[in-house]
Amino acid sequence: MTKLIQVIKGTHDILPQEIELWHFLEEKAVKIFNEYGYKEIRTPIFEATELFARGVGDTTDIVNKEMYTFEKSDRSLTLRPENTAGVVRSFIENGMSRLSSPVKLWYKGPMFRYERPQKGRQRQFHQLGVEMFGIKDPTADAEVILMAVNYLKSLGLNDLDVEINSLGCPKCRENFKQKLKEVLKPELNNLCEDCQNRYEKNPLRLLDCKVESCKAIFEKPEIQKVIQSDFICEECKEHFDKLKLYLDKMHVKYSVNKLLVRGLDYYNRTVFEIKSNNLGSQNAVCGGGRYDSLVKNLGGEDTPAVGWAMGMERLISLLPAKESKKLDGYVVSNYPAEAFELAEELRSLGYCVEFDLSNKKFTKQLEKASKVAKFALILGEDEIKSNKISVKNLATSEQKTVSKNELRSIL
RNA sequence: GCGUCUGUCGUCAAGCGGUUAAGACCUCGGAUUGUGGUUCCGAUAUGCAUGGGUUCGAAUCCCAUCAGACGCCCCA
C-alpha cells in the first residue's frame, strides 16, 4: 500500500463546513475598513529574506529561528512571517509617500512561521491587518485601536481585554534598558537561562517572563520601582496621555500593562494587544503598535506609522460555528434533461439550485432535498405534461403546483 | 529546540492480556416503483498509527519510529 501524503505539520485545510466563518470574518473586515477609509493591498507571499531581517529585526525569534527561507537563483527568499514589512516595502517601492497622508491600508492572507504547533498557533496561519502611514499624532493610534475594537464587536466579540503600553522612543527606551540592566545586574545569576540571554539581547523582554523564580525577583521593591517608573520622556508621555484620553472619549475600555512589550523590533511608543480568556495560552487575538522608524530603516522617507494584525484562526476559534447556507431549490426528478434545464434557468436568475445527478429514487431525492435546500422542485411526469412545477416548502411541508413564472414569486 | 499526554471505522468512541473488536453519528441500501426531515430493518474494521519484542495467546505489556494534542520559548 502506498503511503498517504498528509498535510504538513502545523498546516490545515480550511474545509467547506468552516468556510462560512471565514467569509463572515472577511465580509465584516471589508465593511469596517471601508468605513474608516482603508484600502486593501495584496503583497506577495514571499519576499527577499533581507526585508524581514532588516524590517522585523534580526534579534527577534521570528527572524532567527522561525522563517521558511529558501534559495533560488542565488537569491535568498523567505515566506512572509508577518506582513508589515511587506506592506512597508510596497509603500516605499510604489511611492506612496507622495500620496496625501494618511495612507491607510489593510490586508489579509497566510503567514508562515516555523514554530512548534499548539493551540492557537500553526505554521501557516492567516492574519488580517491594517497599517496607517503618515500620522505622528496619537489620534492615529487611537483610531487604529478603535477600529480593531469595533471590528471585533461586529463579530460579536465584546468581552475582550485591550491592553496598552508605551515603549517610549529609541532614546528613552535606551535609558530604561540601562536602568533595568543596572538594577537587575546583582540578580543576573538567579534569573532563568532565557532571561540571562534576554538580559543582553532585549532586556525589555525580561519583564514578561513566566518563570516563577524570575517573577519573584521582579517583585522586589527596588526593581518594581524601575519597572513602574515612567521612564518615557516628556514627548512620549504626552503622546501616551493623549492616546489614553482619546480612548476614554471613544469609550474604549483598556488597561495599561507596563509589562507589555512586543516581540518585533520595529515598535516604538504605543504598543497594544487585545486578549481573550478563551484561547488557551496563546491568548492574543490582536497585536500592534506604532513603528515610526521602519519606513526610514527600509530606505523610504521618514514616515510615522501605526498598525496591527489579528490572527484569523484565533478569531474563528472564538466564534460559534455557522450553519452552512441552504440552496434555494433542489430539483427532484427522474427526467434528467428537464431537471437540468430547470436548474439552469433558475441559476441564470441568480438562484442557487441543484438537481439529482445520479438518478436516485424519488424518495431519496426528496430526502436529499430536505437536507440541503429550502424548496423541493418536483418535476415528474404530470408536471412535465402540464408544463408546471410542484414546489414544496421543506420547512412547512406546503406544496403547490405552479408555472415557471409563478415559481419566481415563491423562491 | 525542550517537556507532558494521546493514537481502535469517515467522525465520536467501548474494550485495559483469552471478546466473533461493543455502541452512536455520518454514508449507502431496503420497508415505501411520486412525497422528506419521525420510525423500523440491513450494509460498512480479518483489523486497533507503523515496525520490532515479551507471551501458549497482544488493540491491551515493553521498546523504537511516525503522527497528533497541549505546555515552555515566542507570537496573531
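U19(B): no Watson-Crick or G-U partner with both key distances under 3.5 Å is found in any strand. Base pairing of U39(B) is made with A31(B), judged by Watson-Crick or G-U wobble geometry with both donor-acceptor distances under 3.5 Å. With both pairing distances under 3.5 Å, A58(B) is matched to nothing as a Watson-Crick or G-U wobble pair. Within the shown strands, C72(B) is the pairing partner of G1(B) under the Watson-Crick or G-U definition, both distances less than 3.5 Å. C26(B): no Watson-Crick or G-U partner with both key distances under 3.5 Å is found in any strand. Here A64(B) sits opposite U50(B) as a Watson-Crick or G-U wobble pair (both hydrogen-bonding atom distances under 3.5 Å).
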Problem - Contact pattern, 5' to 3', of nucleotides 4-11 of chain B - B, S or - by protein heavy atom under 4.0 Å - result: --------

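Salt-bridge check for E398(A) with K392(A): failed, with every basic side-chain N at 4.0 Å or more from each acidic carboxylate O. Looking at R89(A) and E50(A), no side-chain N of the basic residue comes within less than 4.0 Å of a carboxylate O on the acidic one, giving no salt bridge. Salt bridge annotation for E345(A)-K404(A): present, with a cationic side-chain nitrogen under 4.0 angstrom from a carboxylate oxygen.
Taking atom NZ on K326(A) and atom C1' on G36(B), their separation rounds to 11 Å, with Å as the unit. Distance CG (N334(A)) to P (G34(B)): 8 Å, rounded to an integer number of Å. Rounding to whole angstrom units, CG of residue N393(A) and P of U35(B) are separated by 19 Å. Nucleotide G71(B) holds its C1' atom 9 Å from the CD atom of Q282(A), rounded to whole Å. In this structure, F362(A) atom CZ and G30(B) atom C1' are separated by 18 Å, rounded to whole Å. One interatomic measurement links the two molecules: CD of Q122(A) to P of A67(B), which rounds to 18 Å at whole-angstrom precision. Taking atom NZ of residue K400(A) and atom C1' of nucleotide U35(B), one finds them 18 Å apart after rounding to whole Å. When rounded to the nearest whole Å, the span between CG of D356(A) and C1' of G36(B) equals 14 Å.
Judged by distance alone, with hydrogens and angles left aside, K119(A) brings no side-chain donor or acceptor close enough to the base of G71(B) to form a pair under 3.5 Å. Counting distance only, with no hydrogens placed and no angle test, the side-chain atoms of E367(A) and the base atoms of U35(B) include no donor-acceptor pair under 3.5 Å.
Considering only the side chain of K392(A), G36(B) comes nearest among G36(B), A69(B), G68(B). Closest approach to the Q6(A) side chain among A67(B), G29(B), A69(B) is made by A67(B) (side chain taken as heavy atoms from C-beta onward). Distances were taken from every side-chain heavy atom of S370(A) (C-beta onward) to each of C72(B), G36(B), G29(B); the shortest belongs to G36(B).
Put simply, the side chain of E341(A) never gets that close to the backbone of E344(A): no donor and acceptor are under 3.5 Å apart. A donor-acceptor pair is defined here as one N or O able to donate and one able to accept, closer than 3.5 Å; such a pair exists between the side chain of E82(A) and the backbone of T84(A).
Within the structure, a side-chain polar atom (N or O) of Q118(A) is placed less than 4.0 Å from OP1 or OP2 of C72(B). Between K361(A) and A31(B), a side-chain N or O to OP1/OP2 separation shorter than 4.0 Å is present. Close to G36(B), at under 4.0 Å from its OP1 or OP2, lies no side-chain N or O of K368(A). Here T363(A) does not reach the OP1 or OP2 of U35(B): none of its side-chain N or O atoms lies under 4.0 Å away. At least one side-chain nitrogen or oxygen of S281(A) sits closer than 4.0 Å to the OP1 or OP2 atom of C72(B).
Looking at heavy-atom distances under 4.0 Å, G120(A) makes contact with a base. Nucleic acid contact for K108(A): none, since no nucleic acid atom lies under 4.0 Å from a heavy atom of the residue. E66(A) comes within 4.0 angstrom of the backbone, heavy atoms only, and of no base.
Here, A31(B) and G7(B) have their P atoms 42 Å apart, quoted to the whole Å. Nucleotides C56(B) and C48(B) have their C1' atoms positioned 22 Å apart, rounded to a whole Å. Spacing of C1' atoms, C40(B) relative to U32(B), comes out at 12 Å, to the nearest Å. Remark: the separation of the C1' atoms in U11(B) and U44(B) is 14 Å, to the nearest Å. Of the C1' atoms belonging to A14(B) and C25(B), the separation is 15 Å, rounded to the nearest Å. Comparing C2(B) with A13(B), their P atoms are spaced 30 Å from each other, to the whole Å. Distance noted for atom P between G17(B) and A24(B): 26 Å (whole Å). Look at the C1' atom in both A22(B) and A59(B): the space between them is 14 Å, to the nearest Å.
No side-chain donor from either of K388(A) and S386(A) sits under 3.5 Å from a side-chain acceptor of the other.
Within a heavy-atom distance below 4.0 Å of RNA chain B, the residues of residues 308-315 of chain A found are A309(A), G311(A), R314(A). Residues from residues 371-385 of chain A that place a heavy atom under 4.0 Å from any atom of RNA chain B, listed by number: K371(A), I378(A), G380(A), E381(A), D382(A), E383(A).
Shown here for E20(A) and K325(A), the closest heavy-atom pair between the two residues is OE2-N, 3.5 Å. What you find for I32(A) and M147(A) is that their closest heavy atoms are CG2-CG, 3.8 Å. Considering all non-hydrogen atoms of both residues, I8(A) and T11(A) come closest at O-OG1, 2.7 Å. Contact between N165(A) and L259(A) at its shortest, heavy atoms only, is ND2-N, 4.5 Å. Contact detail for G86(A) and T43(A): the closest heavy-atom pair is O-CG2, 4.0 Å.
Residues I274(A) and G10(A) both approach RNA chain B. Their nearest nucleotides, taken by heavy-atom distance, put G10(A) toward the 5′ side. Remark on RNA chain B: of its neighbouring residues C286(A) and P117(A), the 5'-side contact belongs to P117(A), judged by nearest-heavy-atom nucleotide.
Classified by interplanar angle (parallel below 30°, tilted 30° to 60°, perpendicular above 60°), the ring pair F133(A)/F91(A) is parallel. Below 30°, between 30° and 60°, or above 60°: for F33(A) and W308(A) the angle between ring planes is between 30° and 60°, a tilted geometry.
At least one side-chain heavy atom of M67(A) sits under 4.5 Å from a side-chain heavy atom of F52(A).
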Practice task
Assess whether side chain to side chain donor-acceptor pair (under 3.5 Å) is satisfied between S403(A) and N405(A), documenting all intermediate values.
Solution key: CA-CA 5 Å; S403(A) 71; N405(A) 280 338; 5.3 Å; no

